Amino acid sequence: MSMRWKRHDDDGMTLLVAIMVMGVTMALVATVIGVAITTGNQSGRDRQRTAAINAAEAATDASYAAIQSSGLNLPCEWPAGGTPASAGAAPDAVTSVSTIEYFAADGTPMPCTGGVLVTTPTAYPAQARIVGDGETNQLAGGTTNLRRMEALANVSPVYGDSLNKAIFADGTLVFKNQTTLTGSSGPDADVYSNEGFTCANNQNFAGSIYAQGTITVQGSCTVAGDLWAESGVSNSAGANGTVGGRVLTATNDVNLPGNFAINGTVLAGGTINWSGCSASPGKCVSGTTVAPPPELPFPVINSDPATLQEWVDAGYSIVSHSDCATVKDEIKDTYAKQPGKTLVLTDCRVSFAKDKDIPLYGDLAIFADGGFSSSQQVSFVSNDGSPRILHWIVPADTTASPCDITTDNQFNFATEVNMLVYTPCDISFSNNSDHLGQVIGGGDVTINNQFAMQYREVPVWGVDPTSLPLLRYKIDIVHKREIR
């Protein structure tokens, strides 16, 4: 018997398998494309979220500045008029805007009228709630991204007391080379100029810099707080540094090199030329409303009877000295050795030279119409290590010329001696000076080589109250957070 094998025709299986493989491949391709699209969209959304939150924070920070510099009429919105500020370009275009609510000390809301809250020296808010919105442009196939920041701040009045600054210049303020300014308790050593400010080389400031003119950076400049100018922030070739807070200018531009680090936001009435803006969308807002720094007048200390009486009431005994040939030696050998508190009143110029380690047996104030000078290692110490206060004051009502204060060649203090240097004229420090206290100048203030200073607020009496008007309000942040 013969057997026959049955032949099966399976030619169609090959085609079927090929079709199945193609189907799987197409599904995988579609999956990969879908994942890529999703990832791309997610990345774009993430970038938009970051840009939006940066813009919301910028609006909040701008509101701080507006409150601090608006005088008695506080803003209820930023920018003024409520029109959102725009920054950047697609795909990083953002807008930012904020609203501000005020509350009295008992928590009662204080209503705004026409976008402002009108206050008086006796009727002002205790707290402000700031809500900043940041919104991005719409991505293709998506929606805009809105983020919101809320800040609660305590509000308190600030009078025009320029005597709470570490260094004050009613004219131009220049730091030439290697200054180290430290605070009394953290970064509180603020510096102020009613004109311009120049940070020339190797400068370190434990506070904020305020200038009603232009802030110019030359060389290395490190600022723990804000850089806040009326007329622009500029730099020269080779400038670098760090700002721990914000950079603000009411008019003109911000021009800073790419190696200049800024921790806070950058706000300008003009343009912003700083490469960090592109790296952090929403961090910079140009062409917007930025308030100038609060303007402070020069504090007036006269030598009239009413002023001197306030020093007497504070415990000072007043002595007058008219012999200019002996005034320095009498200060060093007699008045500085008086216990308690002594105020020396003289029409002369007081010039110290080669007077090292002058001992102070008590607190000493010198009112010298002709100003002060020192040369060749002048220093002051406490006779027993107890705290001492030294005032060099050229009264604001002086008619003498010159009336400046100049020091050079190692003008130093023991750590227990705090000093106020005050004149309505120019001040110049140079060559290896160490200082503890304050420097208040009614003209230009120039700090030259290797100046080290620790800010310590020095008490003073008899300041003309008309030079201390209620100028503005300060804010202390209670919290800042993102909200829905």
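Note that the structure is a prediction, hence the values are computed from the model and not measured.
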**Prompt:** Does the pair Ile100 and Arg129 meet the rule for a side-chain contact (heavy atoms from CB on, under 4.5 Å), with working shown?
**Reply:** CA-CA 6 Å; Ile100 309 170; Arg129 178 178 179 263; over 6 Å; no

**Asked** Please walk me through it: do Leu436 and Met419 pass side-chain contact (heavy atoms from CB on, under 4.5 Å)?
**Response** CA-CA 6 Å; Leu436 299 104; Met419 182 182 188; over 6 Å; no

**Item:** Chi angles and distances behind the side-chain contact (heavy atoms from CB on, under 4.5 Å) call for Ser96, Val285
**Value:** CA-CA 9 Å; Ser96 53; Val285 182; 4.3 Å; yes

**Worked verdict on Ile447 versus Gln203 for side-chain contact (heavy atoms from CB on, under 4.5 Å)** = CA-CA 11 Å; Ile447 307 296; Gln203 314 291 340; over 6 Å; no

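Between the side chain of Thr214 and the backbone N or O of Ser231, at least one donor-acceptor pair lies under 3.5 Å. Side-chain N or O atoms of Ser98 include none that pairs as donor or acceptor with a backbone N or O of Gly132 at under 3.5 Å. With hydrogens and angles disregarded, a donor-acceptor distance shorter than 3.5 Å links the side chain of Thr136 to the backbone of Asn145. A donor-acceptor pair is defined here as one N or O able to donate and one able to accept, closer than 3.5 Å; no such pair exists between the side chain of Trp78 and the backbone of Ile67. Here the side chain of Ser278 pairs a donor or acceptor atom with the backbone of Ser275 at under 3.5 angstrom. Although no hydrogens or angles enter the test, the distance criterion places no donor-acceptor pair under 3.5 Å between the side chain of Asn204 and the main chain of Thr222. Side-chain N or O atoms of Lys283 include one that pairs as donor or acceptor with a backbone N or O of Gly264 at under 3.5 Å. Remark: side-chain polar atoms of Ser467 are paired, donor with acceptor, to backbone N or O of Val300 under 3.5 angstrom. Side-chain atoms of Gln438 come within 3.5 Å of backbone atoms of Val458 as a donor-acceptor pair (strictly under, hydrogens ignored). Under the 3.5 Å distance criterion, the side-chain polar atoms of Tyr455 are left unmatched by any main-chain donor or acceptor of Pro187.
For the pair Pro395 and Pro424, the tightest heavy-atom approach, listed with the atom from each and the gap, is O-CG, 3.7 Å. Considering every non-hydrogen atom in both Leu345 and Ser303, the closest pair reads CD1-CB, 4.3 Å. Taking all atoms of both residues into account, the shortest heavy-atom contact from Ala56 to Arg147 is CB-O, 3.6 Å. Across all their heavy atoms, Gly441 and Ile427 have their closest contact at CA-CD1, 3.7 Å. In this structure, Arg388 and Leu360 approach most closely via the heavy-atom pair NE-O, 2.8 Å. Between Ile389 and Pro459, the shortest heavy-atom distance links the atoms CD1-CG, 3.7 Å.
The closest side-chain heavy-atom distance from Glu416 to Ser386 is not below 4.5 Å. No side-chain heavy atom of Ser236 sits under 4.5 Å from any side-chain heavy atom of Thr216. Side-chain atoms of Asn273 and Thr271, non-hydrogen and from C-beta on, do get closer than 4.5 Å to each other. Within the 4.5 Å cutoff, the side chain of Tyr64 has heavy atoms near those of the Ile477 side chain. Counting heavy atoms from C-beta outward, Met149 and Val131 have side chains that stay 4.5 Å or more apart. At least one side-chain heavy atom of Phe372 sits less than 4.5 Å from a side-chain heavy atom of Ile366. The shortest distance between side-chain heavy atoms of Trp274 and Val247 does not fall below 4.5 Å. Considering only heavy atoms from C-beta on, Leu420 comes within 4.5 Å of Ile440 through its side chain.
Between Phe168 and Tyr210, the gap from one ring centroid to the other reaches at least 6.0 Å. For Trp392 and Phe411, the ring centers sit closer than 6.0 Å to each other. The ring of Phe175 has its center closer than 6.0 angstrom to the ring center of Phe197.
Relative orientation of the His391 and Trp311 rings is perpendicular, given thresholds of 30° and 60° on the angle between their planes.
Side-chain contact, Thr446 with Asn448: no donor N or O sits under 3.5 Å from an acceptor N or O. Checking Asp404 against Thr423 by side-chain atom types alone, no donor-acceptor pair falls below 3.5 Å. Checked by atom type, the side-chain pair Asp476/Asn154 shows no donor-acceptor distance below 3.5 Å. Side-chain polar atoms of Thr172 and Glu195 form a donor-acceptor pair below 3.5 angstrom. Looking only at atom types and distance, the side chain of Tyr473 has a donor-acceptor partner in the side chain of Thr119 under 3.5 Å away.
Among residues at least two apart or in separate chains, disulfide (SG to SG under 2.5 Å) pairs with a member in residues 283-314 are Cys277-Cys284. Pairs engaging residues 242-253 under the salt bridge (charged side-chain N to carboxylate O under 4.0 Å, His left out) rule: Asp226-Arg246 [sequence neighbours left out]. Counting only residues at least two apart or in different chains, salt bridge (charged side-chain N to carboxylate O under 4.0 Å, His left out) contacts with residues 61-80 comprise Asp61-Lys480.
Checking Asn449, Val445, Thr179, Val421 one by one against Phe429, the side chain to side chain contact (heavy atoms under 4.5 Å, CB included) holds for a single residue, Val421.
Distance CZ/Phe451 to CD1/Ile167: 5.0 Å, rounded to 0.5 Å.
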